[in-house]
Number of protein chains: 2
Amino acid sequence: MTADVFTVLAEPTRRRILDHLRLGERSVGDLVDTLGVSQPAVSKHLRVLRESGFVTCRTAAQQRIYRIDVRPLRAVDGWLDPYRQLWTRHLDALERHLDSQEQ
Amino acid sequence: MTADVFTVLAEPTRRRILDHLRLGERSVGDLVDTLGVSQPAVSKHLRVLRESGFVTCRTAAQQRIYRIDVRPLRAVDGWLDPYRQLWTRHLDALERHLDSQEQ
DNA sequence: TGTTGATATGCCTTGACAGGCATATGCCTC
DNA sequence: GAGGCATATGCCTGTCAAGGCATATCAACA
């Protein structure tokens with residue numbers, strides 16, 4: 001349960017689902033049409049996304065409307081944080097290098 | 001070949017390897033000692049990381065010294081970018097809401 | 001050149017999904 | 001409450017990746 005964030009994102013179809021939900025809420029049927037994937041497959045991916053917190057879902061008559069929740073994505077963002085220093089520092093070093101070249 | 005960036009990151013041990021390489025270059029033996037994982041396992045993960053561009057490696061006598069390369073991580077950062085708007089906009093909306101409350 | 005140390009690779013087994021299909025569940029309408 | 005959509009779940013199968021072990025490679029050194 002509650003699979004690891006990166007494991008969830010490792011599935012290309014799930015990333016495509018997120019890409020669509022990023023633009024707004026979608027019903028399962030919408031996603032099925034857009035993605036060209038079988039309905040059971042989409043439902044299973046949505047379950048994984050739901051149980052890992054990437055999406056929430058509300059019921060509207062016979063439909064289930066899915067909406068993105070950014071918290072797991074912010075977790076990824078947070079994980080990246082220490083690494084980000086790595087390339088900003090490289091940029092700093094590059095700047096210093098260029099500065100020294102100018103003189 | 002050149003496995004997908006997220007697939008590579010889905011493996012916990014590989015993320016631990018990156019966590020260590022973030023602090024500086026390491027030999028394979030160093031990583032084996034630190035991680036408590038068998039040497040063949042570490043070598044295989046390093047191969048995956050190498051072939052997907054996360055690390056580079058140079059030979060120093062009998063040792064191979066591995067170093068992190070940030071480019072794939074920047075790719076993840078870039079992938080996150082459109083999603084990031086999602087939560088900054090939410091914050092904007094929250095600010096506006098709080099502002100309106102103040103009045 | 002034979003030996004030792006450091007690392008890579010091959011083979012094998014096991015476990016974790018993903019997709020297809022059939023079917024169950026839930027809700028709405030008549 | 002029967003039938004019809006929309007969605008979820010179960011079962012089965014194929015695929016792929018990870019780890020263990022043995023072993024190959026390769027550099028240094030005696």
Side-chain angles (χ1 to χ4, degrees), chain A residues 1-21 23-69 72 76, chain B residues 1-21 23-69 72 76:
Chain A
M1 55 173 178
T2 308
D4 172 79
V5 176
F6 289 98
T7 307
V8 173
L9 290 178
E11 231 296 320
T13 307
R14 283 198 284 265
R15 292 202 299 276
R16 292 180 59 206
I17 291 180
L18 290 179
D19 276 342
H20 285 284
L21 292 183
L23 307 175
E25 298 182 332
R26 297 290 150 96
S27 74
V28 180
D30 285 347
L31 292 170
V32 170
D33 294 343
T34 315
L35 301 173
V37 180
S38 80
Q39 178 269 313
V42 172
S43 280
K44 286 171 189 171
H45 284 306
L46 285 171
R47 179 182 191 167
V48 174
L49 289 167
R50 201 179 342 116
E51 292 182 341
S52 52
F54 281 89
V55 302
T56 58
C57 136
R58 72 173 205 275
T59 302
Q62 310 101 322
Q63 304 190 51
R64 307 267 174 112
I65 310 293
Y66 280 83
R67 164 191 280 269
I68 201 170
D69 185 336
V76 175
Chain B
M1 55 174 178
T2 308
D4 173 79
V5 176
F6 288 98
T7 307
V8 173
L9 290 178
E11 232 294 322
T13 307
R14 284 197 283 265
R15 291 202 300 275
R16 291 180 59 207
I17 291 179
L18 291 179
D19 276 342
H20 285 285
L21 291 184
L23 307 175
E25 299 182 331
R26 297 289 150 97
S27 73
V28 180
D30 284 348
L31 293 170
V32 170
D33 294 343
T34 315
L35 302 172
V37 180
S38 81
Q39 178 268 313
V42 172
S43 279
K44 286 171 188 170
H45 284 306
L46 286 172
R47 178 183 191 166
V48 174
L49 289 167
R50 200 179 343 117
E51 291 182 342
S52 52
F54 281 90
V55 301
T56 57
C57 134
R58 73 172 205 275
T59 301
Q62 309 101 324
Q63 304 191 50
R64 308 266 174 112
I65 309 295
Y66 280 83
R67 165 192 279 267
I68 201 170
D69 185 336
V76 175

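In what follows, chains are A, B, ... by sequence order, proteins preceding strands, each numbered from 1.
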Taking only the side-chain nitrogens and oxygens of [X], find out if one of them lies under 4.0 Å from OP1 or OP2 of [N].
| X | N | result |
| --- | --- | --- |
| His45(B) | dA17(D) | no |
| Thr13(B) | dG19(D) | yes |
| Arg64(A) | dG26(C) | no |
| Arg47(B) | dT7(C) | no |
| Tyr66(A) | dA8(D) | yes |
| Ser43(B) | dT7(C) | no |
| Ser38(A) | dG20(C) | yes |

Among [options], which nucleotide sits nearest the side chain of [X]?
| X | options | result |
| --- | --- | --- |
| Lys44(A) | dT9(D), dA27(D), dT9(C) | dT9(D) |
| Arg14(B) | dA28(D), dA18(D), dT7(C) | dA18(D) |
| Pro40(B) | dG20(D), dA8(D), dA22(D) | dA22(D) |
| Gln62(A) | dC27(C), dG20(C), dT7(D) | dC27(C) |
| Val28(B) | dC28(C), dG5(C), dA8(C) | dA8(C) |

Can you spot which of Lys44(A), Glu11(A), Arg14(A) makes a side-chain contact (heavy atoms from CB on, under 4.5 Å) with Leu49(A)?
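Among Lys44(A), Glu11(A), Arg14(A), the one that satisfies the side-chain contact (heavy atoms from CB on, under 4.5 Å) with Leu49(A) is Arg14(A).
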
Identify the heavy atoms of Ser27(B) and Ile65(B) that sit nearest to each other, and give their distance.
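Here Ser27(B) and Ile65(B) meet closest at CB-CD1, 4.0 Å.
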
[N] [atom2] sits how many Å from [X] [atom1], rounded?
| X | N | atom1 | atom2 | value |
| --- | --- | --- | --- | --- |
| Arg50(B) | dT9(C) | CZ | P | 6 Å |
| Glu51(A) | dT9(D) | CD | P | 8 Å |
| Glu11(B) | dG19(D) | CD | C1' | 10 Å |
| Arg58(A) | dC27(C) | CZ | P | 15 Å |
| Gln63(A) | dC28(C) | CD | P | 11 Å |
| Leu31(B) | dA6(C) | CG | C1' | 13 Å |
| Ile65(A) | dA6(D) | CD1 | P | 12 Å |
| Arg26(B) | dA6(C) | CZ | C1' | 18 Å |

About how many Å separate NE2 of His20(A) and CG of Leu31(A), when rounded to the nearest 0.5 Å?
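Leu31(A) atom CG to His20(A) atom NE2 measures 7.5 Å (nearest 0.5 Å).
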
With rounding to the nearest 0.5 angstrom, report the OG1 to CD1 distance, Thr34(B) to Ile17(B).
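If I round to the nearest 0.5 Å, the distance is 10.0 Å.
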
Regarding Ser27(A), tell me which of base, sugar-phosphate or nothing describes its non-hydrogen contacts under 4.0 Å with the strands shown.
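Here Ser27(A) touches the backbone only, sparing every base.
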
Please evaluate residues Ser52(B) and Val5(B) with respect to the criterion side chain to side chain contact (heavy atoms under 4.5 Å, CB included), reporting the C-alpha separation (whole Å), side-chain torsions for both, the decisive distance (0.1 Å), and the verdict.
CA-CA 7 Å; Ser52(B) 52; Val5(B) 176; over 6 Å; no

Got a donor-acceptor pair under 3.5 Å from the side chain of Gln39(A) to the base of dA8(D)?
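Such a pair exists between side chain and base.
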
Let me see the working for Arg47(A) and Glu51(A) under salt bridge (Lys or Arg N to Asp or Glu O under 4.0 Å), right down to the final yes or no.
CA-CA 6 Å; Arg47(A) 179 182 191 167; Glu51(A) 292 182 341; 3.2 Å; yes

